[in-house]
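Naming: A, B, ... by sequence-line order, numbering from 1 per chain.
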There are 2 protein chains.
Amino acid sequence: MDAKTVCLAVLSQGEASGYEIRKSVEEGPFGHIQDIGFSSIYPALSRLREDGLVSVTELTQEGRPDKKIYRLTSDGRLSLLNALKDPTESDRVRSDFLFRMLFADILPPSIIDSMIDARMDEIQTRLTRLDARAARGFESIGEEFVNGFAATVQRAMAVYIEENRHQLVAAALAPSRAVAE
Amino acid sequence: MDAKTVCLAVLSQGEASGYEIRKSVEEGPFGHIQDIGFSSIYPALSRLREDGLVSVTELTQEGRPDKKIYRLTSDGRLSLLNALKDPTESDRVRSDFLFRMLFADILPPSIIDSMIDARMDEIQTRLTRLDARAARGFESIGEEFVNGFAATVQRAMAVYIEENRHQLVAAALAPSRAVAE
DNA sequence: AACAATATATATCATATTGATATAATACTA
DNA sequence: TAGTATTATATCAATATGATATATATTGTT
């Protein structure tokens with residue numbers, strides 16, 4: 001999903017500023033499926049406004065920078081629905097962790113080990129967040145489905161890593177492959 | 001991992017042209033963890049050559065465009081090892097599929113259903129590829145670990161989707177949420 | 001109380017990545 | 001024989017990313 005659609009999606013759940021869109025994507029149900037930074041959000045919102053898909057209200061605040069509150073227009077709502085109906089692209093994963101694991105037999109075992117530890121910590125943190133969200137309840141079936149999906153995947157990863165990590169570290173201790181020729 | 005490191009990583013397994021690097025990333029063990037297109041590869045290779053991390057041999061071919069064969073230099077090999085030792089960034093997933101599932105209750109059930117079918121097909125295709133690779137045997141422990149990891153995750157996804165899809169479609173049939181105000 | 005860090009808020013810049021398109025010949029398929 | 005796939009490199013426009021700038025209030029630490 002491109003930045004514009006992500007903004008529309010967040011705004012479909014209520015008006016928000018650019019800053020709030022960022023927070024919402026980071027902390028909300030989009031958290032594990034999307035990333036978005038300010039440098040994507042602000043240009044996207046400008047384009048959406050030009051195209052009449054969102055409207056803006058400037059809010060003067062004391063003590064804080066002024067806020068620009070964006071709201072979906074009816075065109076925007078329609079445009080979101082159409083985008084959601086488009087056929088989905090394949091999921092993409094980019095894993096720094098797995099990339100390195102491919103080279104486990106040419107890296108020092110201590111590094112492999114600490115990378116695995118770090119990864120397990122991350123998985124635990126994510127699971128804690130997902131469980132906390134589940135405990136708070138969901139706003140829609142979709143949110144529940146996605147939360148459960150993410151939790152299932154994280155758990156499967158954790159089990160697999162724990163069951164297979166020793167082989168990786170053992171290989172790192174007894175290297176068998178050179179870094180090409 | 002940036003395009004330069006990906007190129008170095010592929011070249012660590014033997015010399016290759018830009019075209020071959022692409023194929024190798026798409027079909028090889030990097031397949032489910034990295035994406036890379038020509039428009040990233042060619043500039044990356046130029047930079048690597050400027051920096052002395054790869055060397056080039058031009059190969060004139062009849063019938064085909066000339067080939068530029070890239071080879072790691074010893075600086076390049078060192079640079080790759082250093083990059084691999086750097087701490088890993090968090091894994092990133094971007095899922096068009098899950099993004100849409102979040103809006104299951106405002107989309108037509110037939111669309112939800114066919115998106116789920118398409119996703120299941122994709123998972124099956126990936127699993128077939130991963131199993132085929134496993135049957136051919138692995139070149140390193142790392143490759144085996146990553147292949148098993150990917151297969152485990154795909155299987156967990158398939159099970160979860162099959163067990164929960166009916167709820168999503170049911171929700172789509174009986175919408176309960178509006179597209180905001 | 002002083003100081004550092006975090007949260008609120010928008011914006012821009014350089015760099016990196018992506019998707020589309022150009023070019024060109026062979027090999028395979030319907 | 002027409003169309004598509006494969007081999008091969010390259011560039012361009014549109015996006016996306018990461019870093020940095022700016023400014024103040026609140027919260028946390030020593």
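Comparing C:dA11, D:dA16, D:dA8 by their closest approach to the side chain of A:Tyr42 singles out C:dA11.
In this structure, B:Lys4 reaches neither bases nor backbone, as no heavy-atom distance under 4.0 Å exists between it and the strands shown. Among the protein residues, A:Ala3 comes within range of the sugar-phosphate backbone only, with heavy atoms under 4.0 Å from sugar or phosphate atoms but none that close to a base.
Within the 4.0 Å cut-off from OP1 or OP2 of C:dA11, at least one side-chain nitrogen or oxygen of A:Lys68 is found. A close approach under 4.0 Å does not occur between any side-chain nitrogen or oxygen of B:Ser40 and OP1 or OP2 of C:dT17.
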Going by atom type alone, with no hydrogens or angles, which donor-acceptor pairs under 3.5 Å involve a side-chain atom of residues 27-53 of chain B and a protein atom two or more places apart or on another chain?
residue, atom, partner, partner atom, Å
B:Ser46, OG, B:Tyr42, O, 3.1

Under 3.5 Å, side-chain donor or acceptor atoms of residues 80-88 of chain A against the rest of the protein: list the pairs with distances, not counting sequence neighbours.
residue, atom, partner, partner atom, Å
A:Asn82, ND2, A:Leu78, O, 3.4

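Taking atom CD of residue A:Glu58 and atom P of nucleotide C:dT10, one finds them 9 Å apart after rounding to whole Å. Put simply, CZ on B:Arg47 is 16 Å from P on D:dT11, counting in whole angstrom units.
No side-chain heavy atom of B:Ser110 sits less than 4.5 Å from a side-chain heavy atom of B:Asp113.
With hydrogens and angles left out, the side-chain atoms of A:Asp117 and A:Ser114 include no donor and acceptor closer than 3.5 Å.
Near DNA chain C, meaning a heavy atom under 4.0 Å away, there are no residues from residues 82-95 of chain B. At a non-hydrogen distance threshold of 4.0 Å, B:Phe38, B:Ser39 from residues 30-39 of chain B come into contact with DNA chain D.
No side-chain donor-acceptor contact under 3.5 Å links B:Thr5 to the backbone of B:Met1. Remark: the backbone N or O of A:Gly148 is paired with a side-chain donor or acceptor of A:Thr152 at under 3.5 angstrom. Looking only at distances, a side-chain donor or acceptor of A:Thr125 sits under 3.5 Å from a matching main-chain atom of A:Asp121.
Salt bridge annotation for B:Glu122-B:Arg119: present, with a cationic side-chain nitrogen under 4.0 angstrom from a carboxylate oxygen.
Residue pairs that meet the ring-ring contact (aromatic ring centres under 6.0 Å, His included) test with at least one member in residues 114-146 of chain A, sequence neighbours left out, are A:Phe145-B:Tyr160.
In the helix from C:dA1-D:dT30 to C:dA30-D:dT1, the rotation axis of the first five pairs and that of the last five pairs differ in direction by 50°, rounded to 10 degrees.
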